[in-house]
Number of protein chains: 2
Amino acid sequence: MTVTLADVAARARVSPATVSRVLNGNYPVAASTRERVLRAVDDLDYVLNGPASSLAAATSDLVGILVNDIADPFFGIMAGAAQTQIGGPGDGSGRAGGEKLAVICNTGGSPERELTYLTLLQRQRAAAVVLTGGAVEDPAHQAAIAAKLAKLADAGTRIVFCGRPPLPEGDALVAALAFDNRGGGRRLTEHLISLGHRRIGYVAGPPERTTTRHRLEGHREALRAAGAVEEGGTAEGAEAEDRLTVHGPYDRRSGYEATLELLRRAPDVTAIVAANDTVALGACAAVRDQGMRIPQDISVAGFDDLPFSVDAVPALTTVRLPLFEAGARAGRLAMGKENPPPGGIATIAAELMIRGSTAAPRG
Amino acid sequence: MTVTLADVAARARVSPATVSRVLNGNYPVAASTRERVLRAVDDLDYVLNGPASSLAAATSDLVGILVNDIADPFFGIMAGAAQTQIGGPGDGSGRAGGEKLAVICNTGGSPERELTYLTLLQRQRAAAVVLTGGAVEDPAHQAAIAAKLAKLADAGTRIVFCGRPPLPEGDALVAALAFDNRGGGRRLTEHLISLGHRRIGYVAGPPERTTTRHRLEGHREALRAAGAVEEGGTAEGAEAEDRLTVHGPYDRRSGYEATLELLRRAPDVTAIVAANDTVALGACAAVRDQGMRIPQDISVAGFDDLPFSVDAVPALTTVRLPLFEAGARAGRLAMGKENPPPGGIATIAAELMIRGSTAAPRG
DNA sequence: CTGTTAGCGCGTTCAC
DNA sequence: GTGAACGCGCTAACAG
C-alpha cells in the first residue's frame, strides 16, 4: 500500500542504502545514480517515513516552541518569527527536503502542561526546544522543569529560552534571550515621574511570574529613586505600594476590572501603568467608562508595543520589545545557525515609546 | 545510556509486551502488575520512544494545525482553542499518557509552505490535520492540496477544515467548518445602507483567497439589492465597484494605505468597510490622520470581532465570528470525539455587532 | 491475563 | 561509489 525506500530502490535499480544516501545528501553519490533515484522518488510519490528514520537515526526533525498563550500576539509574533528560521524556505515543490518541523505548543501558562509538552517533545526526540515568555516562580516547578530540560539536553536536544530569564542554576545547557523587563519598567515610570506624576496605579500580571515581578520591580525602583513613595522596607511604604498595585491575568478584562478597583482605592491617582498593552487597553476602557479623559484626566501606559497599540486612541505610551527579532534569533539558535551569546545569556533592550496616552497631570 | 522498554520490563519482572500494554492502556492488565510496571517506569524515569512506537504502530500521536499567520489573533484564537481539545487535560504529573501532540504550523499564507507542511505531517504519519483560514483559489494549488490531502486521508490521517470552505470536489474525506463570510458581509453592508450610506469604500483582503472573495461578494450583494450601484454585469456598475474597492494584505498597514487611496479616488465616500478588524484599525488611523471624525464624518466597519475591537475608539462595528468555539469543535472533530456534521460540512453563523464606529452619514 | 515471536522502515557500519 | 547486513525500540499478532 504505502511506498517504502525499498520500492524506490527497486525501481531505480540500486540498493536501499543508496536511496537513503541520496535523500539525506550526506554521502557522495554519482550524479547519474542520484538522478535515477530522484526520478523514482517522484514517479512513486515516495514520502520518507519519519518515525522509521528518527528511530534509526536516534533524532527527529521536530523543533518545539512553547508559548503561554498563542491567542496573544505577544507570543504569536515570537513563535511565528522563530518558525521562519526553522521551517526553512521550502523549495516550492512541496517535496520537503531536510526541513525541520517547527511546532508550536500552547501551555496556557500552566506549568503542568509545560512539563507535559516537554515530555511529549522528549518522547519525540525533538531536535530543539524553544521556551518563550516568563516562567512561574514556584520552586517545585522550577526544579521539575530544570530536571526535565537537563534530560532533554542530555539526549541531544538543544534548549533555547526566549523572553525568559535563565535558570537559577545558570546551566550552561541553554542559550537564553532575556528581555530587559526591569529596565523597561523603570524607564516607563521615570517618564511618568518626569511629567509630574506621583500617585501611579499599577495593574500587574499574575503573581509568581518572572515577567510580572521584573516589570513591577522596575516600576518601584523608579518610584523609590524619585522619593515618590517611602522605602518599601518600611511598613508605610510597603502598604502604600500594595494599595496601588492590583494583580490579574494578562488580559483585557483584568485591565478593566483592576483599574476600576484602583480608582476605588485611590481616586487621586493621576496615572495607571499596565503590565502589558492588552491590559492597558482594558484600563483605557475603564477610565473612559468612568467619564475621565486620557491623558487629560489620567495617563495610561502599557508594555510590549504590540501592533495595535499605536492605533489606540490616544496612541499608547508603552515599552517596545523587539519580539520578532528575538523570536527569529531564538529560532536560529535552536537550529545551531547562530552561536550562543557569551555566557549563554543575552539581555534584549526595551525601548520606551512615548505617545499620546501620557501627559502631565492637571493642576 | 537511554532507558528502554526492556529495561522497565526487566525491573518489573514482566515481559516488554506487558509494559507496552500498561503504557497504552489498550489491553487488560492485572492491577498488581500494572502497579509494579508503573513503579519501574517512575524509578527509571522512563520515557517512551515516540518514533519507535509510531513505526511499530504505523501512526503517530501528532496532530497538525495549519494557520496562515500565527501572529494574527484570528488564527491564534482558533489554533489555541483546537489545541485545548487535542492536548488532553494532562494529569498534572507531566508524565504524558495517551495525549496527542497538537502542533501549530505557520504557513505565512504561502501555498508552497502549506504543501511542505502537509508533506512533513504526512512523513510523520500525523493522526490528524486541521487546516484553518481561507484557501488560495489558484486551481493548480487547489489540485495539489487536494491530491496531498487525499493521500493523507488514505494513510489514515483525519482531515478537518476550520473557517475554510470545502474542496470543490466535495470529497467525503474531510469535515469542514465554514464561516458564513458572505452572509456576514452582506448583513454588515445592509446595516450601513439602512443608516443611509450609498457610497461605501471597501478595503478587501488579498485577491484569490476564498475569504476575501466571499466577504466582498456579500458586500456587493447588499449594494446591488439596494440599488446603490448598478448591476455589476454592466460596464458602468463593474467600474464603479472596482473604483471603490482596494485589495491588500490582512494587516494594519494595508488598511491605512488603502483607505488613503480610497479617499483620494472617491472623496465623497461616507463609509469604509474593511476586510477584517486589523485592517479596520488601520483604516481608522488613516481617517483620523485626514482630519475626519469617526463616525460623524465617515463610518468604519470591520470583520471578525477580535478582542481588541470593542476597545477601539469608537468601538468597532463588525461581524462576530465564534473563533474559539469553531476551533474547539475542529479540535474535537480531529480527535474523533465528535461526529462530523451531516454532509461533512457545517456553516457557522456570523453575527453583526453594531457599535459606535458606524452612524448615519451627515447631511 | 501474560509471554514469545516477528517485523515496522530506515540509517549505518562494514566490505567490496 | 555502491551493496549487504544488522539493529534502532516498540507493537501486534499469536499462543498459552
Side-chain angles (χ1 to χ4, degrees), chain A residues 1-38 40-41 44-62 96-98 120 122-127 155-156, chain B residues 1-38 40-41 44-62 96-98 122-125 127 155-156:
Chain A
M1 190 69 228
T2 108
V3 184
T4 74
L5 234 203
D7 298 328
V8 177
R11 188 170 227 279
R13 310 186 64 76
V14 296
S15 75
T18 299
V19 179
S20 171
R21 294 196 259 254
V22 169
L23 260 26
N24 292 306
N26 294 331
Y27 287 79
V29 173
S32 65
T33 314
R34 141 177 289 111
E35 189 65 25
R36 215 147 24 96
V37 169
L38 287 180
V41 167
L44 264 35
D45 248 343
Y46 171 68
V47 175
L48 193 68
N49 184 318
S53 161
S54 299
L55 173 58
T59 174
S60 83
D61 50 6
L62 229 60
L120 248 15
Q122 179 185 9
R123 172 187 296 187
Q124 300 295 336
R125 305 299 188 253
Chain B
M1 188 73 224
T2 108
V3 183
T4 75
L5 233 202
D7 298 329
V8 177
R11 188 171 228 279
R13 313 186 62 76
V14 296
S15 75
T18 300
V19 178
S20 172
R21 294 195 260 255
V22 170
L23 261 26
N24 293 305
N26 295 331
Y27 288 79
V29 173
S32 64
T33 314
R34 141 178 289 110
E35 190 63 25
R36 216 147 22 97
V37 169
L38 287 179
V41 167
L44 265 34
D45 247 342
Y46 171 69
V47 174
L48 193 67
N49 184 317
S53 161
S54 300
L55 172 58
T59 174
S60 82
D61 51 6
L62 229 59
Q122 180 185 8
R123 173 187 295 186
Q124 300 294 337
R125 306 298 187 254

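What you see below is based on every heavy atom in this structure, not just the backbone, and it leaves out hydrogens, waters and symmetry mates. A, B, ... follow the sequence lines: proteins, then strands. Residue 1 opens every chain.
Counting to the nearest Å, the C1' atom of C:dC10 and the CD atom of B:Gln124 are 14 Å from each other. Taking atom CG of B:Leu55 as the reference point, atom P of D:dA12 lies 12 Å away to the nearest angstrom. Per the geometry, CG belonging to A:Leu5 stands 19 Å off P belonging to D:dC8, to the nearest Å. Taking atom CZ of residue B:Arg123 and atom P of nucleotide C:dC10, one finds them 11 Å apart after rounding to whole Å. If you measure from atom CG of B:Asn49 to atom P of D:dG7, you get 18 Å, rounded to the nearest angstrom. Rounded to whole Å, the distance from CG on A:Asp61 to P on C:dG11 is 11 Å. Rounded to whole angstrom, the span from the CG atom of B:Asn26 across to the C1' atom of C:dC1 amounts to 15 Å. Rounded to a whole Å, the CG atom of A:Asn24 is 11 Å from the P atom of C:dC10.
Each of C:dG3, C:dC10, C:dT2 was ranked by its minimum atom distance to the side chain of B:Ala17; first place goes to C:dG3. Side-chain proximity of A:Ser15 to the nucleotides C:dG11, D:dT11, D:dA4 is greatest for D:dA4. Side-chain proximity of A:Val29 to C:dG9, D:dT2, D:dG9: nearest is D:dT2. The side chain of A:Ser53 lies closest to C:dG11, out of D:dG3, C:dG9, C:dG11. Taking only side-chain atoms of B:Thr33, from C-beta outward, the nucleotide of D:dA12, C:dC10, C:dT2 with the closest atom is C:dT2. Comparing D:dT11, C:dT2, D:dG3 by their nearest atom to the side chain of A:Thr18 picks out D:dG3.
To the nearest 0.5 Å, atom CG of residue A:Asp45 and atom OG1 of residue A:Thr2 are 12.0 Å apart. Of the inter-residue distances, the one linking A:Asn49 atom CG with A:Thr4 atom OG1 reads 9.5 Å to the nearest 0.5 angstrom.
When side chains are defined from C-beta on, A:Tyr46 counts as touching A:Leu5, because their heavy atoms get closer than 4.5 Å. Annotation: side chain of B:Thr33 is not in contact with side chain of B:Val22 (no heavy-atom distance under 4.5 Å).
Across all strands, A:Val19 comes closer than 4.0 Å to no nucleic acid atom at all (heavy-atom distances).
In this structure, B:Ala57 and B:Ala30 both approach DNA chain C, and ranking their closest nucleotides by distance from the 5' end singles out B:Ala30. Between A:Arg13 and B:Ala56, the residue anchored closer to the 5' end of DNA chain D is A:Arg13, taking for each the nucleotide with the nearest heavy atom.
Remark: the B:Arg21 side chain and the C:dG3 base include a donor-acceptor N/O pair separated by less than 3.5 Å.
In this structure, A:Arg123 contributes its side chain and B:Val47 its backbone to no donor-acceptor pair below 3.5 Å.
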